[in-house]
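The structure appears below as structure tokens.
The sequence lines fix the lettering, A, B, ..., with proteins before strands; numbering per chain opens at 1.
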Number of protein chains: 2
Amino acid sequence: MRQAGAPSAEVRSRRRAALTDLILDVFRLNGVLLASGDALVADLGLTSARWQVLGAIALAPAPLPVAHLARTMGLTRQAVQRSVDELRADGLVRLEPNPHHRRAALVRMTEPGEAAYRAASRRQETWADALAADLPPEIIEAADGLLRALRARLAGPDPSPATAPDTLETC
Amino acid sequence: MRQAGAPSAEVRSRRRAALTDLILDVFRLNGVLLASGDALVADLGLTSARWQVLGAIALAPAPLPVAHLARTMGLTRQAVQRSVDELRADGLVRLEPNPHHRRAALVRMTEPGEAAYRAASRRQETWADALAADLPPEIIEAADGLLRALRARLAGPDPSPATAPDTLETC
DNA sequence: GTCAATTTGACAATGTGTTGTCAAATTGAC
DNA sequence: GTCAATTTGACAACACATTGTCAAATTGAC
């Protein structure tokens with residue numbers, strides 16, 4: 001009998017092939033998801049990137065500076081900074097002084113920004129319903145679990161502490 | 001009893017939440033995978049994008065022009081063109097005249113290019129083995145099947161004919 | 001054979017992310 | 001309180017993908 005810690009070359013090769021396929025499909029799905037998201041909110045003056053920033057603002061219990069938003073989202077400061085600059089230019093977001101830190105202004109949604117975000121959220125709901133129609137939740141959850149496991153292995157012990165505490169759990 | 005076509009609001013909402021989580025994790029995993037891939041082959045003079053182009057060349061039975069490679073890879077002509085330009089500048093790839101089409105030169109790997117690709121493939125094998133260690137192949141394959149199903153729904157009837165014939169049908 | 005439609009590569013602009021560097025502001029060890 | 005380390009935003013450069021436009025080459029209907 002085979003021991004648990006010593007899988008056959010056959011199993012190893014099947015596993016490797018399956019993982020390679022999965023990875024390639026993650027790349028491809030990432031591409032079509034971004035394209036779909038952009039198309040979904042384009043006429044609201046949003047893109048996937050800006051939408052994501054609005055989401056981070058909406059989920060936070062209080063207005064946050066750019067660097068804090070970036071940590072929450074797992075992106076770099078600069079990437080978020082650019083999106084915020086654009087959102088500000090379009091009037092969807094505004095900066096307010098931070099009493100605790102003169103440089104780190106707090107980002108807050110304007111009324112038009114909140115309206116756009118609400119509209120995007122409403123569309124995303126029906127879009128997701130249509131996309132997931134007749135897929136068993138268990139299958140989706142199992143796949144998500146695997147993706148998380150892979151990400152955890154790739155990123156090391158705990159690379160995204162911002163994911164944990166209080167922000168992302170609520171969504 | 002509940003009919004198959006009319007899921008409860010409860011199931012629908014669970015499904016929606018699961019799908020949203022999955023999508024966010026696809027984005028995150030995409031990011032760490034690209035970073036890992038870049039790190040894996042950086043010292044070979046490769047990046048994820050260049051590596052992918054070399055892979056398409058290696059898999060093709062004969063040298064192909066840039067536009068054909070792009071279709072095979074599901075990317076735009078211009079994106080592949082730039083990678084090919086860079087690979088050519090680094091001597092990993094070379095263009096040869098196409099007897100059937102004066103403009104569409106054929107892209108072929110040079111000996112250094114093949115050496116780099118072989119080295120990258122070897123590393124990828126051990127990397128994938130380590131990453132997939134102790135994950136049951138069935139789980140990986142099931143997750144991959146779901147990603148493919150989602151992609152098929154998002155992209156419409158048949159958006160990537162190059163991938164289709166024998167890969168997508170099997171899931 | 002002719003000519004419109006398609007394919008191909010070149011070029012430019014844009015979106016989104018990265019890294020690196022810098023100065024100002026804040027924090028913390030002492 | 002002082003001063004080094006960290007955090008923050010500004011700015012620049014780059015990697016990778018997109019779209020759009022153009023001219024040359026090829027293909028196909030006629």
Protein-nucleotides 16-18 of chain D N/O pairs closer than 3.5 Å?
residue: D:dC16; atom: OP1; partner: B:T47; partner atom: OG1; Å: 2.6
residue: D:dC16; atom: N1; partner: B:R82; partner atom: NH2; Å: 3.3
residue: D:dA17; atom: N7; partner: B:R82; partner atom: NH2; Å: 3.2
residue: D:dT18; atom: OP2; partner: B:T76; partner atom: N; Å: 3.0
residue: D:dT18; atom: OP2; partner: B:T76; partner atom: OG1; Å: 2.4

TODO: Represent DNA chain D in dot-bracket notation, 5' to 3'. Only Watson-Crick or G-U wobble pairs with both distances under 3.5 Å count; pseudoknot-style crossings use [ ] and interstrand partners use |.
DONE: ||||||||||||||||||||||||||||||

Counting N and O atoms only, with roles assigned by atom type, does the side chain of [X] sit under 3.5 Å from a partner on the main chain of [Y], one being a donor and the other an acceptor?
X: A:R16; Y: B:D129; result: no
X: B:R77; Y: B:L69; result: no
X: B:N98; Y: B:A104; result: yes
X: A:D38; Y: A:S48; result: yes
X: A:R15; Y: B:L135; result: yes
X: B:R94; Y: B:T110; result: no
X: A:D90; Y: A:L92; result: no

Atom-to-atom span, [atom1] of [X] to [atom2] of [N] - whole angstrom:
X: A:L87; N: C:dG15; atom1: CG; atom2: C1'; answer: 13 Å
X: B:L69; N: C:dG9; atom1: CG; atom2: C1'; answer: 13 Å
X: B:R28; N: C:dT18; atom1: CZ; atom2: P; answer: 14 Å
X: B:L46; N: D:dA15; atom1: CG; atom2: P; answer: 14 Å
X: A:H68; N: D:dG9; atom1: NE2; atom2: C1'; answer: 16 Å
X: B:R103; N: C:dT8; atom1: CZ; atom2: C1'; answer: 6 Å
X: B:Q81; N: D:dT19; atom1: CD; atom2: P; answer: 16 Å

Restricting both atoms to N or O, compile the protein contacts to nucleotides 1-7 of chain D shorter than 3.5 Å, with distance only.
none

Are [X] and [Y] side-chain neighbours, meaning at least one heavy-atom pair lies under 4.5 Å?
X: B:V93; Y: B:R108; value: no
X: B:E141; Y: A:R14; value: yes
X: B:L106; Y: B:L95; value: no

Open item on the list: salt bridge (Lys or Arg N to Asp or Glu O under 4.0 Å), that's the test. Do A:E125 and A:R123 meet it? Break it down for me.
Closed with: CA-CA 5 Å; A:E125 270 192 13; A:R123 287 186 195 179; over 6 Å; no

Task: Donor-acceptor pair present, A:R102 side chain and C:dA25 base, under 3.5 Å - done: no

